[in-house]
Amino acid sequence: KRVEVLVKKLAPWLILSSLPFVLAWGAPLSKKEVGKLKQSIGKAASEGRWSSIAPYLEQLAEADSKAVWKFMVTVVEKSPPREELHEVLRSAAATMTSRGVQGELKKNALKSKSALVRKALLLHLAGAEDWETLTAAIQDKDEQVAALATWRLVEAKVEEAILPMIAQM
């Protein structure tokens, strides 16, 4: 019985004392943290240490902000293809779910300077069943990007994409 009384008295204190930890665990990055990560990325890029940038980009994805997404895309577009940072961007696309990021993601999937970025983002959008963006990507100037979009649409049997596919022939 003494234990029950002790638990009842301590329970509110335990809940209140653990609240900051629970809130911090799911909280997005602060502006200061984002700034430090951007600095680290800039330093690594200027020193040619592209392979060390992936973990920073993964951390930045927690910010889930349109401005951070644009920064990430710019970094990946400038990176050497062999570093495969476009795959980190693809996984960030799944993590960053805000409306602003998703809108930019669709724009980047169609208009990025890098074909590798466009392909990675289209693969993400195919998984999300965004057939409208994939249908628009059929007209991409890079044959591999256009083929990827076309095959994903064919595999999913998207009827609305048939006429745009025929028009590209």
Side-chain angles (χ1 to χ4, degrees), residues 26 28-29 31 33-35 37-169:
L29 296 174
K31 287 184 180 182
E33 292 170 318
V34 169
L37 287 169
K38 285 182 174 182
Q39 269 187 324
S40 299
I41 289 171
K43 184 177 180 185
S46 67
E47 294 173 357
R49 295 183 297 111
W50 290 97
S51 59
S52 66
I53 291 177
Y56 297 130
L57 290 175
E58 289 168 356
Q59 287 179 315
L60 265 181
E62 294 173 24
D64 198 14
S65 118
K66 185 176 173 179
V68 169
W69 173 260
K70 287 181 174 184
F71 174 79
M72 292 173 68
V73 170
T74 302
V75 169
V76 173
E77 286 175 341
K78 292 179 179 181
S79 71
R82 70 180 178 279
E83 296 302 336
E84 299 189 6
L85 292 179
H86 55 280
E87 290 301 322
V88 176
L89 194 63
R90 179 179 170 193
S91 71
T95 305
M96 301 173 82
T97 57
S98 73
R99 179 177 246 153
V101 170
Q102 292 301 309
E104 280 299 309
L105 188 155
K106 292 174 185 183
K107 286 180 194 174
N108 295 136
L110 296 173
K111 297 180 181 182
S112 172
K113 297 174 188 175
S114 166
L116 287 174
V117 169
R118 292 194 308 274
K119 287 192 312 190
L121 296 180
L122 285 173
L123 284 170
H124 165 73
L125 291 170
E129 298 183 358
D130 183 347
W131 308 130
E132 185 179 336
T133 306
L134 263 74
T135 301
I138 292 171
Q139 300 172 2
D140 196 280
K141 60 187 174 222
D142 186 286
E143 287 181 13
Q144 290 183 349
V145 175
L148 178 127
T150 302
W151 279 110
R152 295 296 175 179
L153 290 164
V154 168
E155 289 170 356
K157 300 177 183 170
V158 178
E159 292 180 18
E160 297 82 26
I162 294 173
L163 291 178
M165 285 182 208
I166 291 171
Q168 284 302 113
M169 292 181 163

Legend entry - Steps toward side chain to side chain contact (heavy atoms under 4.5 Å, CB included) verdict (Asp130, Glu132): CA-CA 6 Å; Asp130 183 347; Glu132 185 179 336; 3.9 Å; yes
What is the distance from atom [atom1] of [X] to atom [atom2] of [Y], rounded to the nearest 0.5 Å?
| X | Y | atom1 | atom2 | value |
| --- | --- | --- | --- | --- |
| Leu116 | Leu121 | CG | CG | 10.5 Å |
| Lys66 | Arg99 | NZ | CZ | 12.0 Å |
| Lys113 | Lys78 | NZ | NZ | 7.0 Å |
| Lys70 | Glu104 | NZ | CD | 4.5 Å |
| Leu122 | Ser112 | CG | OG | 10.0 Å |
| Ile138 | Trp151 | CD1 | CH2 | 12.5 Å |

Inset, instruction - For Glu155, look at atom CD and say whether over 12 heavy atoms of other residues, nucleotides or ligands are found less than 6.0 Å away. - result: yes
Inset, instruction - Decide if atom CD of Glu33 counts as having more than 12 heavy atoms of other residues, nucleotides or ligands within a radius under 6.0 Å. - result: yes
Inset, instruction - Would you tell me whether Asn108 and Trp69 have side-chain atoms, one donor and one acceptor, within less than 3.5 Å of each other? - result: yes
Inset, instruction - Indicate whether the side chain of Thr135 and that of Glu160 have a donor and an acceptor atom separated by less than 3.5 Å. - result: no
Legend entry - Steps toward side chain to side chain contact (heavy atoms under 4.5 Å, CB included) verdict (Glu83, Ile53): CA-CA 9 Å; Glu83 296 302 336; Ile53 291 177; over 6 Å; no
Inset, instruction - Mind listing the closest non-hydrogen atom pair of Gln102 and Ala93 along with its distance? - result: NE2-O, 3.4 Å
